[in-house]
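Quick notes on the structure that follows.
Throughout, a chain's letter reflects where its sequence line sits, starting with A, and its residues are numbered from 1. Atom set for the values below is all heavy atoms of this structure, side chains included, hydrogens, waters and symmetry mates excluded. These figures come from a predicted structure and were not determined experimentally.
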There are 4 protein chains.
Amino acid sequence: MERKILITDCDDAQGILAGVTGVCFQHKLNIVKNSEFVDNLQGRFFMRTELEGVFDTEALLSDLDKVLPKSHHTKLTDTGAKRIVVMVTKEAHCLGDLLMKAYYGGLDVEIAAIVGNYETLKPLAEKFDVPFHYVSHEVLSRGEHEQAMLEVINEYQPDYVVLAKYMRILTPGFVEQYANQIINIHHSFLPAFIGASPYKQAWERGVKIIGATAHFVNNCLDEGPIIKQDVIHVDHSYSAEEMARCGRDVEKSVLSKALQLVLNEEVVVYGNKTVVF
Amino acid sequence: MERKILITDCDDAQGILAGVTGVCFQHKLNIVKNSEFVDNLQGRFFMRTELEGVFDTEALLSDLDKVLPKSHHTKLTDTGAKRIVVMVTKEAHCLGDLLMKAYYGGLDVEIAAIVGNYETLKPLAEKFDVPFHYVSHEVLSRGEHEQAMLEVINEYQPDYVVLAKYMRILTPGFVEQYANQIINIHHSFLPAFIGASPYKQAWERGVKIIGATAHFVNNCLDEGPIIKQDVIHVDHSYSAEEMARCGRDVEKSVLSKALQLVLNEEVVVYGNKTVVF
Amino acid sequence: MERKILITDCDDAQGILAGVTGVCFQHKLNIVKNSEFVDNLQGRFFMRTELEGVFDTEALLSDLDKVLPKSHHTKLTDTGAKRIVVMVTKEAHCLGDLLMKAYYGGLDVEIAAIVGNYETLKPLAEKFDVPFHYVSHEVLSRGEHEQAMLEVINEYQPDYVVLAKYMRILTPGFVEQYANQIINIHHSFLPAFIGASPYKQAWERGVKIIGATAHFVNNCLDEGPIIKQDVIHVDHSYSAEEMARCGRDVEKSVLSKALQLVLNEEVVVYGNKTVVF
Amino acid sequence: MERKILITDCDDAQGILAGVTGVCFQHKLNIVKNSEFVDNLQGRFFMRTELEGVFDTEALLSDLDKVLPKSHHTKLTDTGAKRIVVMVTKEAHCLGDLLMKAYYGGLDVEIAAIVGNYETLKPLAEKFDVPFHYVSHEVLSRGEHEQAMLEVINEYQPDYVVLAKYMRILTPGFVEQYANQIINIHHSFLPAFIGASPYKQAWERGVKIIGATAHFVNNCLDEGPIIKQDVIHVDHSYSAEEMARCGRDVEKSVLSKALQLVLNEEVVVYGNKTVVF
């Protein structure tokens, strides 16, 4: 008995749910969990199905192809631990939370490697016996630096690349190699406070909440599809530094929840948005 | 074209989803929205399906009966405004919120009547032209009082009875007439602070959060299936009265959200719990 | 025995707290509650003191003047109900919440009048016997329209003007007449989604939270000092309309909490920010 | 220039604030931050003052004694890192969060040692070079076991003892040695779900929120003065295990925020409650 996750995304039409579940039934697959969503405005159908049984994958996909509208995208994924590479700069809290959860439970993930443009977090990586690759940006052009990092990352063939407070902007050349596979945590409730120093921006504006946003990275800074957001309340007595200190707990919590959703195949990217089942 | 909601609740088995959606497809009904939940511990399957099309209700239910396990409960409900009777004592905030939302949008509901054991809220009912029935408990036995209220309520044939801060305990005789149709708001995060004066209890205990719980009423005080809960943060400077004042906004918000879920047929009672789709 | 609130705002210096509390003690005034805040970056001291006793106001202010740095602003205010005028357009929920709380408790305020640029909410005002003034913007220039509204508002000499979903922009000419006395509720977590249709903007961006911001109005649209903000979580299944429907409860809650703070003299405006005691 | 924190707690009377701040001014101490609270019901005054300057501690306390009511408790504490011992059983998440924050910033604390009644978390302690003492309860009576732990703990002379998911009940003999110095994290929103397996209890009751409570330990199980509480929303689809997994992030966040407040001398115990400045 295996368990797999089927993600379907197609133009909406009558009978899709009956068609797909009928095929699954013919294949003697048990539907453990099924979630669907129809975007009525754009006439688009999304479905996530957890299946259990003995899979004849090729036949299953072929049978599904017969009952689904032509435009469909269908993905059948194994459950179980995915592999990620984490990119960092100097801040430890997000990386530490991921390492603790990968090591002691909480996230079903293998952190294959950590890549840093500073060496600051190497000792933390070593505590958990995870390879740390220091790729300084200092003597390289942006293109060369990204190329050097890509060479390291590609070697691990990660399912996802997680930017755990990696503080440099990635170029389109980098992003397209891992389209919809790079997850970033930004330390504001987007779309507010895009770019550098969001806590300083928040302090200057005098907001009464601060927050964090986990999103897929695309080619527009802090504009990618949002996976998860949360906020905490602050008041006039918080300096920008205190906002940053308190915000760290939100950042790490939002990043780890977003990653959990992605690892469970519960997130479908759709235009510049996500469907989160 | 009509829209209806199908709620199915049965022992879990392979092929139920395929069976039900197949029948809907044969009936040329479009599935606007489908949500399912399997309680694996107890082997129970729950499904809520919003259907659109031309309904041959008798044939549909008969065809569904053929594909569902024997134990199934199936309910096909019209969408559209439901009718409620609201029971109150003296506090205005929950009733006021329901009246505003029934009148100006926000809840698709007809408040057919208000029954109070005090006359205090009669002027508020009159502002919104809703009949107010004053049924004092003072000279009557508990049984007589409930009988008098039931006579008033039954006349309106409500889909649900909403206790908007009705401060007396209902007896089993009353409750069984509207089993799983009576929704109460209790001013604490249950199961903490059951019974009288929860804010006073909260103050005495020195808690740092206060809350509210909307639940169906059964024969155990404050023990019925919970629909919705929420809390707010408080501190040492709050007296029990200030907790009560601040708690009112949570109470009315939780009650109205719970009622909204119930009116949308998104709540299935299951033992002493709810499945909220 | 009277109760008054003393608000002091001055350059920071040693001994201010001792100086002020010493003067209060000499005047045999009991300090019921004292809150202070020092902005160390800008060297500014803020204090709010609730005093109880027999007040010789002139002597008190004169004695305080002797112990405070020259730059000080000091305000001594009576506690007790303040008077407001509410401006509205067509949406009822914020106004309804204010009326309920003014009438049944929850806000210590007298709603002296309601001014609408549409007649839509006149019946709601009448339910609570509050004068409604319909001042249409249709045949008037912006200046004439504001002048007409000001004439109505000034007649009531309100302590504050509350924009309860008043959907037009006020010009500097209007704003300066009620500087730091106009409170607006904006239906987004500012500074995100400034301007028109924030829920539509939120839907288009695919955010996972929506919110509301209460702020004083100044001459930059949605840029005034923020008093209170809050958010709720949403997901991909919400249309812009559903966001708007769910957002209403946050809007009214944030507006009423902000107003409560302002009425209690707990808010001090400072540059483009607020100190909220 | 030193910085110290003055905590005063006494019967309420007129002129206390003037008296205390006057003494501080005579001592040429700058008041960096001052917070006070009066419990009007019980006529009790509380104050926390951050002072900066050159301290003649003996003279200061003696001068304060002259201006304060006889019943006063006054404590003058150094700011700066406090020392704690952490007690654990098998779960890693709270300990890991404390270690990360002690090591990388976020909590101004020295974790002097970790005491475990299982050896499970020894490798985690070693990663951060913190001494781990394994004191098994297996062959010892409860009294002997606590005595053995106390001997280890006392050696480090900790300011506070933090129970980071230590899963055994402490006896009065242990507790009185560290009265109001032992901080526990309980995995429910107290007073709900006292005692063992709160997530299982929560699941059985069908609640829609789960939470965590940090409190000082006294001689009644889960009944000590509460410092901090928080909750997250759950639904019918969560098993008790999933509640426990999601609850971990709340537990560690609540514990670390409570500890931060305690370390900053912002918490005063008062009967069975706390004043949290």
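Listed by sequence position, A:Gln14, A:Gly15, A:Leu17, A:Ala18, A:Thr21, A:Gly22, A:Phe25, A:Lys28, A:Leu29, A:Asn30, A:Ile31, A:Val32, A:Lys33 are the residues of residues 9-33 of chain A in contact with chain B, using a 4.5 angstrom heavy-atom cutoff. By a heavy-atom distance cut of under 4.5 Å, not one residue of residues 263-277 of chain A is near chain B. Heavy-atom proximity under 4.5 angstrom to chain A picks out nothing from residues 245-257 of chain B.
For B:Tyr103, the ring pair (Phe, Tyr, Trp, His ring centres under 6.0 Å) partners are B:Phe128, not counting sequence neighbours.
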(message) The test is side-chain hydrogen bond (donor to acceptor under 3.5 Å, both in side chains); show your working for B:Lys165 and B:His93 and say whether it passes.
(response) CA-CA 9 Å; B:Lys165 304 286 286 182; B:His93 56 288; 4.8 Å; no
(request) Test A:Thr74 against A:His72 for side-chain hydrogen bond (donor to acceptor under 3.5 Å, both in side chains), laying out the working first. (result) CA-CA 6 Å; A:Thr74 300; A:His72 78 95; 2.6 Å; yes
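Looking at every heavy atom in both residues, A:Glu242 comes nearest to A:Ser237 through OE1-O, 3.3 Å.
Listed for the A:Ser188 side chain is no donor-acceptor partner under 3.5 Å among the backbone atoms of A:Pro198. Side-chain atoms of A:Asp159 come within 3.5 Å of backbone N or O of A:Arg83 as a donor-acceptor pair. Under the 3.5 Å distance criterion, the side-chain polar atoms of B:Glu36 are matched with a main-chain donor or acceptor of A:Asn34. Between the side chain of B:His186 and the backbone N or O of B:Phe193 there is at least one donor-acceptor pair closer than 3.5 Å. With A:Thr79 contributing its side chain and A:Arg3 its backbone, the two residues share a donor-acceptor pair below 3.5 Å.
With respect to A:Lys82 and A:Glu110, no salt bridge is recorded, no charged nitrogen being found less than 4.0 Å from a carboxylate O. A salt bridge links B:Asp78 with B:Lys4: the distance from a Lys NZ or Arg NE/NH1/NH2 to an Asp or Glu carboxylate oxygen falls below 4.0 Å.
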